[in-house]
Amino acid sequence: MSDVTTTGGIAPVTPVPHGRAYWAVADTLNITRRYLTHFRRQPINIAWQLGFPIISVLLYGFVFGEAMKVPGGEGDYKDFLMPGMFVMTMAFGFMNTAMGVVTDASKGVIDRFRSMPMAPSAVSAGRGLSDIVVACAELTILALTAVAIGWRPDNGVLNAIAAFALLLLLRFSLIWVGVWLGLVVPTPEAAGGLYAVAFPLTMISSVFVAPSLMPDWLAPIAAWNPVSSTGTAARELFGNPGAGGSSWVEQNAVLMGVVWPLVVTAVFLPLAVRRFKRLSR
Amino acid sequence: MNSAEHAVRARGLVKRYGDKRALDGFDLTVEHGTVHGLLGPNGAGKTTAVRILATLLRLDGGRAEVGGVDVVRDARAVRGRIGLTGQYAAVDEILTGRQNLEMFGRLFHLGGGQAARRAAELLEQFDLTAAADKGAGQYSGGMRRRLDLAASMILAPSVLFLDEPTTGLDPRSRSEVWESVRSLVASGTSVLLTTQYLEEADRLASRITVIDQGRAIADDTPDGLKATVGSSHLEVVVTEAADLPAVVKAVARVADGEPETVDAERRVQAAVTDRVAALTDVARTLQDEGIAVEDIGLRRPSLDDVFLRLTGDRPAEESAGDETGAAA
């Protein structure tokens, strides 16, 4: 777009000439900036979003801390729980993505973007990038809180970094679940009902309790839950107790912590793209 | 840049949803620098037509050009020269008015400095400077629509699509939006306006297309459309219902057809051709007969009459469709 657009009376403005790839990146960053500006405009939202995990850590850590036993019998429940809290926060993130997308869709903001000469991919990519930035902030605050109440990663810096990378990979895969859901559900109010899905998704996992302690029919479901794989992998990499398990999926948690998010992305990224394209049907 | 003959030219547009044809061979021509009204009952295809022209929907048949550019083959170029204001104020309610316009400006690829300058200019033009740094969520309905309009005007588009821009606004906000639209057209923008409010089309549009069941069923100036419905009406309202038969007799002598009586309002009306002669004749007769007249006058046909005549008086709910606006 190098033409000068002029209409009498209104000062001319000139779109800056650049290639498509440049604008795909610049548009994405501009959408990301938009969502991050939301936090600056409404600091209370930061308090909510970051406060919830902190409260959860303190709540579960101290309320359950003494009553619960680490599977295998050794170690402090708090050390077992912290990686679980990290993964739960990542897992719940898809709700934020879905909420943001459905709000834009129902208010016509997505239509406005689609009627503009910007890169269509930037709408979702920008949302996703801002979600990852927020996830990094959440993990930082969670880890600091966890350290403050006595949690320690005991397996070296590199393994700890690998654990955080797996947590972010899970969050990345759930961006596409969130975008897809955001385009499928009709209204933000309806999207609120998704918590009914989010809770079992995170609770039927190794977040709070080892699957081996669950009823026989529930244990395999919990063990094969992608959230469990990331949780168990994080425990292993942080050197926290209770990482093990007898099933194949639990013994290959780090591998599955990579495979699951890739599978989820492979399924939901195309679904989200297809849904976005269907807007023009 | 705009060498095209028409601002918008659509021929034989078809859009199917399953078995239903939302558009069924729809034609439209919008001249440069005019406001063109698109009227029709709910579900007639107004929004579908606008969304196709604004590159938001793929069409199943026909051909459409905006500023001479094909909306299918070169959607991106079309997007560089149109503005769209839909049925909702599509702005970010958490961001301030200024942040909204700057964000949209950067997404229109203006670059940071130019986007900021343009935002300040538009805030001034749309009388939003005082509220520029407040969250758009705190704006009144009218202010939000003006912000929405301002966002559509960032590139000074050659064609602006306004899809029911004043639905749900109070009368004052509505006239503010009308004022903005008029000044845009004065600066050379062409506008395609869909509306539920016939008065709005009458005030703003220099030409009107009536759409029903996916087809253009009339295309004329507002006056031309009114002329097709017929001549003026003579209306008489009397004080005593008992006088109605006498009034009907008096009116029938000058009317084009059978006078119509509305008992509840004690009103008699009929189409008349020789307007002033008919009025004086009836007035004199009623005076001679000593009938107490509450009101007597001539009424030109309104667009409502045109609309009802052309589309029938089917209730709006009957025609299911893509449109979500309130009933007319």
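Side chains included, hydrogens not; waters and symmetry mates left out as well; all remaining heavy atoms used. Every value quoted in this text rests on a predicted model; they were computed, and no experiment measured them. Each chain gets a letter, A, B and so on, in the order its sequence line appears, and its residues count up from 1.
When side chains are defined from C-beta on, B:Phe108 counts as touching A:Met116, because their heavy atoms get closer than 4.5 Å.
Residue A:Arg278: no heavy atom, backbone or side chain, is found under 4.5 Å from chain B. Neither the backbone nor the side chain of B:Ile52 comes within contact range of chain A; no heavy atom of the residue lies under 4.5 Å from a heavy atom of that chain. Interface remark: B:Ser183 contributes no atoms to any contact with chain A (heavy atom separation under 4.5 Å). Interface remark: A:Ala119 contributes backbone and side-chain atoms alike to the contact with chain B (heavy atom separation under 4.5 Å). Of the two parts of B:Phe161, neither the backbone nor the side chain holds a non-hydrogen atom closer than 4.5 Å to a non-hydrogen atom of chain A. Neither the backbone nor the side chain of A:Thr103 has a heavy atom closer than 4.5 Å to any heavy atom of chain B. In this structure, chain A has a heavy atom under 4.5 Å from the backbone of B:Val91, while its side chain stays farther away. If you measure heavy-atom distances from B:Asn100 to chain A, you find no contacts under 4.5 Å at all. Proximity to chain A involves both the backbone and the side chain of B:Ala151, based on heavy atoms less than 4.5 angstrom apart.
Here CD of B:Glu93 is found 12.0 Å from CZ of A:Arg41. Values are rounded to the nearest 0.5 Å. Here CE of B:Met103 is found 6.5 Å from CD1 of A:Ile31. Values are rounded to the nearest 0.5 Å. To the nearest 0.5 Å, atoms NE2 (A:His18) and NE2 (B:His109) are separated by 10.0 Å. With rounding to the nearest 0.5 angstrom, the CG atom of B:Leu95 is 9.5 Å from the CZ atom of A:Arg40. Between B:Thr85 atom OG1 and A:Asp111 atom CG the span is 12.0 Å, to the nearest 0.5 Å.
The most heavy-atom pairs under 4.5 Å with chain A, out of B:Val78, B:Leu84, B:Leu107, B:Thr96, come from B:Leu107. Of all the listed residues (A:Gly108, A:Ser115, A:Ala122), the one sharing the greatest number of non-hydrogen pairs under 4.5 Å with chain B is A:Ser115. No other option in B:Ile154, B:Asp60, B:Asp148, B:Leu59 has as many heavy-atom pairs under 4.5 Å with chain A as B:Asp148.
Within the 3.5 Å criterion, the main-chain N or O of A:Thr14 finds a donor-acceptor partner in the side chain of B:Gln114. A donor-acceptor pair is defined here as one N or O able to donate and one able to accept, closer than 3.5 Å; such a pair exists between the side chain of B:Arg79 and the backbone of A:Arg114. Put simply, the side chain of A:Arg112 gets close to the backbone of B:Ala90: a donor and an acceptor are under 3.5 Å apart. Put simply, the side chain of B:Arg58 never gets that close to the backbone of A:Ser280: no donor and acceptor are under 3.5 Å apart.
A:Asp27 and B:Arg106 are not joined by a salt bridge, as no carboxylate oxygen comes within less than 4.0 angstrom of a charged side-chain nitrogen. Salt bridge annotation for B:Asp92-A:Lys107: absent, with no cationic side-chain nitrogen under 4.0 angstrom from a carboxylate oxygen.
Contact detail for B:Gln99 and A:Thr37: the closest heavy-atom pair is NE2-CG2, 3.6 Å. Minimum interatomic distance between A:Pro15 and B:Leu155 (heavy atoms only, all atoms of both residues): CG-CD2, 4.2 Å.
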message: Could you go through A:Arg20 and B:Arg76, starting from their C-alpha distance and side-chain angles, then the distance that decides it, and tell me whether this counts as side-chain contact (heavy atoms from CB on, under 4.5 Å)?
response: CA-CA 11 Å; A:Arg20 284 209 174 185; B:Arg76 213 178 246 237; 3.3 Å; yes
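Annotation: A:Arg33, atom CZ; neighbour count of heavy atoms from other residues, nucleotides and ligands within 6.0 Å does not exceed 12.
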